[in-house]
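Reminder, nothing fancy here: chain letters follow the sequence lines and each chain counts from 1.
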Amino acid sequence: MSQVYINDFGAHVGKEVELKGWLYSRRSKGKLHFLMLRDGTGIVQSVVAKGEVSDELFEQAGRIGQESSVIVRGVVRADARAAGGVELGMLDLQVLQDVKDYPIAHQEHGPDFLLGNRHLWLRSKKQAAIMRIRSRIVRAIRDFFDDRGFTLMDAPIFTPSACEGTSTLFEVNYFDEAKAYLTQSGQLYGEAAAMALGKVYVFGPVFRAEKSKTRRHLTEFWMVEPEVAYATLEDVMDLAEGLICAAVSAVLQHHRQDLADLERDVTKLERIKAPFPRITYEEAAVLLEKLGTGFVRGNDLGAPDETALGEHFGMPVMVHRWPHEVKAFYMKRDAADPRLALGVDVIGPEGAGELVGGSQREDNLDELLGRIHAHGLPEEAFAWYLDLRRYGSVPHAGFGLGLERTVAWICGREHVRECIPFPRTLNRIYP
RNA sequence: UCCUCGGUAGCUCAGCGGUAGAGUAGGCGGCUGUUAACCGCUUGGUCGUAGGUUCGAAUCCUACCCGGGGAGCCA
């Protein structure tokens, strides 16, 4: 007899199966034990009745501790009294390891405790659901780009200098003489790749040594960064819109149970459909002044501003054409108004914050050189990047989407640190 | 870096000058359909650390350490 996974139990009603997993929890009632078993694909109730199995097995089923590893043989049966509609009538129990004093109980725990026990916390129902959804979103992202003829062009993690010249970087020794930095963005390399392959995307971890400790920040997180030759700002706004819709729809299609376990209000996800509202920074400013968030015109959007915009539209909203002062040096200016940069932020609803930041890139060599100097950046570090404007420069654009923020939004989680297997934050590098 | 809140049993917390508490987890016993099961009993503590005030400090004061949330910056 072969192993059957819990998420396939529905197709095995009436059959004898073998479940290989762990004891999630137990409720006992005299001559009846209800063992909640998990195997990584779900949780199912297994029922053991005294008299139907050996006394020894019954006693053992009532004694083993939470997270004991077990192989259970039994008959799958439909029963409305069981959560999920099916349960396993236990016939035999093999205990690989009987566990005592598993640290994480089925009760509220504080974040410090849970994060310190992240290696175990991942076993809990909601955390497992988030990880499955994260995996699905990654797959949806890759499918989205692969299906559109993009080439995956991963950027280096070690870089000789800052990509954007703004964030604080993690410094590492690169053998004896050189210093290297952990990348904060693959974008500049993505631009080189786009000049070679046309449509590309970079997908990997990035690192920020900012001393940020908020529910939206990690020091190590994943970002997908498409870059498209001959594309305009409007082109990549379409692309970002399509990407977000694809991710949401893939999760809705494949993860109803996980969303239910997370108590996610799916009606809010079901109405995420293109087109997303597109407003200029100026229009956003007028709206924010009306909403009274304390927004100061000319500044970047603060977290309360982003939340207010998200709530106002109930949909990801694309804010484009920003004052160039608040945006990065590589963004192209708007020909219609040179005070504006051709950048776009996609702000998620429900307090998700900035999911995407993108722009049309400056493709003129002299403009870009001037911008690098104006920002006080070392020209020599950008020599290769400037070459892209010397040899066949073309209009091009791209964006970066923060994976954990997207996962947090779709899963309805408050903290991005629940949305990556092992989060790295300002105060935490363990486990 | 700044602002703010907190650190008491394995965990979640109450206690806020006068004998260290509850729930939960763990242990023992009971219960044939439980859904965070329930009922009875029970083990479990350098009250973050170091000073200080006081007859007496978990409680008040000071410093430090650790963590949460937020600002700035960003995805």
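- Computed from coordinates, the A:L32 CG to B:G30 C1' distance equals 15 Å when rounded to whole Å.
- Look at A:R77 and you won't find any side-chain N or O under 4.0 angstrom from OP1 or OP2 of B:G33.
- Base pairing analysis places B:C41 opposite B:G27; the two distances defining the Watson-Crick or G-U wobble pair are each below 3.5 Å.
- Only the C1' atoms considered, B:U12 is 13 Å distant from B:A36, to the nearest whole Å.
- Distances shown here put every side-chain N or O of A:N427 at or beyond 4.0 Å from the OP1 or OP2 atom of B:C66.
- A donor and an acceptor atom sit less than 3.5 Å apart, one in the side chain of A:R405 and one in the base of B:C74.
- Under the Watson-Crick and G-U wobble criteria, each requiring two contacts below 3.5 Å, nucleotide B:U32 is left unpaired.
- Between the side chain of A:Q66 and the base of B:G26, no donor-acceptor pair under 3.5 Å is found.
- A 4.5 Å side-chain heavy-atom check between A:Y281 and A:R321 finds every atom pair outside the cut-off.
- For the pair A:R27 and B:A36, the criterion of a side-chain N or O lying under 4.0 Å from OP1 or OP2 is not met.
- With C1' as the reference atom, B:G56 and B:G17 are 8 Å apart, rounded to whole Å.
- With a cut-off of 3.5 Å on both Watson-Crick or G-U wobble distances, the partner of B:A71 is given as B:U1.
- Nucleotides B:G6 and B:U43 place their P atoms 33 Å apart, quoted to the nearest Å.
- Distance A:H415 NE2 to B:G69 P: 4 Å, rounded to the nearest Å.
- Ranked by how close their nearest RNA chain B nucleotide is to the 5' end, A:Y102 and A:V47 are led by A:Y102.
- For the C1' atoms, the distance from B:C3 to B:C60 is 25 Å, rounded to whole Å.
- Taking side-chain N and O atoms only, A:R26 has no distance below 4.0 Å to OP1 or OP2 of B:U34.
- When Watson-Crick and G-U wobble pairs are counted only if both distances are under 3.5 Å, B:G56 pairs with no nucleotide at all.
- Rounded to whole Å, the distance from CD on A:E325 to P on B:C74 is 13 Å.
- Summarising the base pairing, B:U19 is matched to no nucleotide, lacking a Watson-Crick or G-U wobble pair whose two defining distances lie under 3.5 Å.
- Side-chain atoms of A:S212 come within donor-acceptor range of the base of B:C73, with a qualifying N/O pair under 3.5 Å.
- Taking atom C1' in both B:G72 and B:A9, one finds a spacing of 40 Å when rounded to whole Å.
- You can call A:F221 stacked on the base of B:A75; the centres are under 5.5 Å apart and the planes sit within 30°.
- The distance from atom NZ of A:K213 to atom P of B:U1 is 10 Å, rounded to the nearest whole Å.
- Not counting sequence neighbours, the partners of A:R63 by the salt bridge (charged side-chain N to carboxylate O under 4.0 Å, His left out) test are A:E59.
- The base of B:C74 does not come close enough to the side chain of A:E210 for any donor and acceptor atom to sit less than 3.5 Å apart.
- A 4.5 Å side-chain heavy-atom check between A:L23 and A:E67 finds every atom pair outside the cut-off.
- With hydrogens and angles left out, the side chain of A:H217 and the base of B:C74 share a donor-acceptor pair within 3.5 Å.
- Aromatic ring centres of A:F329 and A:F382: separated by under 6.0 Å.
- For the pair A:L301 and A:P304, both in contact range of RNA chain B, the more 5′-proximal nearest nucleotide belongs to A:P304.
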side-chain hydrogen bond (donor to acceptor under 3.5 Å, both in side chains) assessment of A:S359 paired with A:R361: CA-CA 6 Å; A:S359 68; A:R361 321 305 192 188; 2.6 Å; yes
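- Between the side chain of A:T307 and the backbone N or O of A:A303 there is at least one donor-acceptor pair closer than 3.5 Å.
- When the P atom is used for both B:U4 and B:C47, the distance is 29 Å, rounded to whole Å.
- Regarding A:K211, its NZ atom lies at a distance of 11 Å from the P atom of B:C2, rounded to whole Å.
- In this structure B:U62 sits in a base pair with B:A50, meeting the Watson-Crick or G-U test at under 3.5 Å.
- Panel note: side chain A:R371, backbone A:M331; a donor-acceptor pair is recorded below 3.5 Å.
- Put simply, A:K29 has no side-chain N or O that comes within less than 4.0 Å of OP1 or OP2 on B:U32.
- Regarding contacts with the backbone of B:U32, every side-chain N or O of A:H33 stays at 4.0 angstrom or more from both OP1 and OP2.
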